[in-house]
Amino acid sequence: MTEYERSRTMPAQPEQVFDQAANIGQLDTWLPEALHVEAEELPAVTVHEDRTDEDTSALLRAQRDQMRLEWGTRDQGSYTGWLQVAGIGGGASEVTVHLSFFDDSHDPGETMVRDALDTSLQRLEEQVRLRVDHPAG
């Protein structure tokens with residue numbers, strides 16, 4: 001098993017960050033550009049990965065009371081992950097993303113995963129900033 005974890009501080013309340021992260025219709029705005037999530041009957045989703053051109057059955061659960069998203073493959077158990085939002089005071093939040101790969105063939109490698117996580121957290125922060133700066137938009 002291989003695990004990766006990255007964190008980023010964001011200038012917004014944890015509820016605002018979580019609501020943006022958990023918005024199923026806007027996951028593509030912050031997830032790695034090579035991943036696309038299509039909601040079925042939640043928590044069931046299909047994840048399309050451009051790198052392999054494959055669709056994978058997965059689960060996605062949002063637990064707002066815990067400010068936590070959890071996901072993972074449904075049938076083969078190749079990977080799981082979670083996103084946790086925590087308030088750190090002063091109107092800021094820390095977002096941590098954790099991935100666990102149980103199947104080495106599904107793990108794209110440390111450099112690629114760390115870059116994708118960092119980019120995803122940056123993109124999520126951009127989306128949060130847009131929402132906080134322009135609440136009606």
Side-chain angles (χ1 to χ4, degrees):
M1 179 172 77
T2 307
E3 297 185 278
Y4 303 97
E5 189 169 293
R6 303 299 278 177
S7 296
R8 186 176 183 103
T9 300
M10 299 190 186
Q13 296 291 334
E15 296 81 6
Q16 293 170 312
V17 175
F18 181 81
D19 287 348
Q20 183 64 43
N23 184 333
I24 193 79
Q26 294 188 359
L27 291 176
D28 282 358
T29 64
W30 68 269
L31 285 177
E33 293 176 353
L35 294 179
H36 310 282
V37 177
E38 183 178 321
E40 296 171 14
E41 190 172 321
L42 291 176
V45 296
T46 298
V47 178
H48 179 79
E49 186 175 355
D50 291 345
R51 182 177 65 92
T52 60
D53 196 32
E54 292 181 2
D55 290 335
T56 303
S57 297
L59 298 172
L60 175 67
R61 290 187 178 89
Q63 300 169 340
R64 191 171 201 286
D65 60 327
Q66 297 177 21
M67 298 289 157
R68 186 175 178 95
L69 287 177
E70 295 178 342
W71 61 85
T73 50
R74 223 180 340 188
D75 302 323
Q76 63 273 52
S78 303
Y79 70 89
T80 63
W82 50 262
L83 176 143
Q84 182 73 53
V85 181
I88 56 174
S93 302
E94 182 176 53
V95 181
T96 301
V97 180
H98 183 96
L99 294 177
S100 299
F101 291 93
F102 303 106
D103 178 350
D104 288 340
S105 69
H106 208 77
D107 180 356
E110 181 175 359
T111 300
M112 187 176 285
V113 172
R114 289 193 189 278
D115 288 350
L117 290 177
D118 286 341
T119 300
S120 292
L121 287 169
Q122 178 184 0
R123 292 176 69 200
L124 177 58
E125 181 180 359
E126 291 167 3
Q127 292 302 309
V128 168
R129 282 182 187 270
L130 287 172
R131 181 176 180 188
V132 171
D133 293 345
H134 306 286

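Since the structure is predicted, the reported quantities are computational estimates derived from the model, not experimental observations. Keep in mind that the numbers below use all heavy atoms, side chains included, and drop hydrogens, waters and symmetry copies.
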Could you see if [X] belongs to whatever hydrophobic cluster contains [Y]? Use Ile, Leu, Val, Met, Phe, Trp, Tyr and a side-chain cutoff under 4.5 Å.
X	Y	value
L69	L42	yes
F102	L35	no
F18	I24	yes

With a 4.5 Å limit on heavy-atom distance, are the side chains of [X] and [Y] in contact?
X	Y	answer
Q127	R131	no
D107	Y4	yes
L83	L124	yes
V113	P108	yes

Taking all non-hydrogen atoms of both residues, which atom of [X] and which atom of [Y] are closest, and how far apart?
X	Y	result
S120	L31	OG-C, 3.6 Å
V37	V47	CG2-CG2, 4.2 Å
W82	E70	CB-CG, 4.1 Å
V132	A12	CG2-CB, 3.8 Å
T9	E125	O-OE1, 4.0 Å
Q13	S93	C-OG, 3.2 Å

Should we count [atom1] of [X] as having more than 12 external heavy atoms under 6.0 Å?
X	atom1	value
R114	CZ	yes
E38	CD	no
E33	CD	no

Main chain of [Y], side chain of [X]: is a donor-acceptor contact present, judged purely on distance under 3.5 Å?
X	Y	answer
S57	R74	no
E49	A34	no
Q20	Q26	no

How long is the span from the [atom1] atom in [X] to the [atom2] atom in [Y], to the nearest 0.5 Å?
X	Y	atom1	atom2	answer
L60	E40	CG	CD	11.5 Å
Q16	R129	CD	CZ	12.5 Å
Y79	W71	OH	CH2	9.0 Å
L121	R6	CG	CZ	8.5 Å
R8	E94	CZ	CD	11.5 Å
D115	E110	CG	CD	10.0 Å

Carboxylate-amine/guanidinium contact D19 R64, below 4.0 Å:
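Between R64 and D19 there is a salt bridge, with a charged N closer than 4.0 Å to a carboxylate O.
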Decide side chain to side chain contact (heavy atoms under 4.5 Å, CB included) for L99 and E5; before the verdict, give the C-alpha distance in whole Å, the side-chain angles of both, and the deciding distance to 0.1 Å.
CA-CA 6 Å; L99 294 177; E5 189 169 293; over 6 Å; no
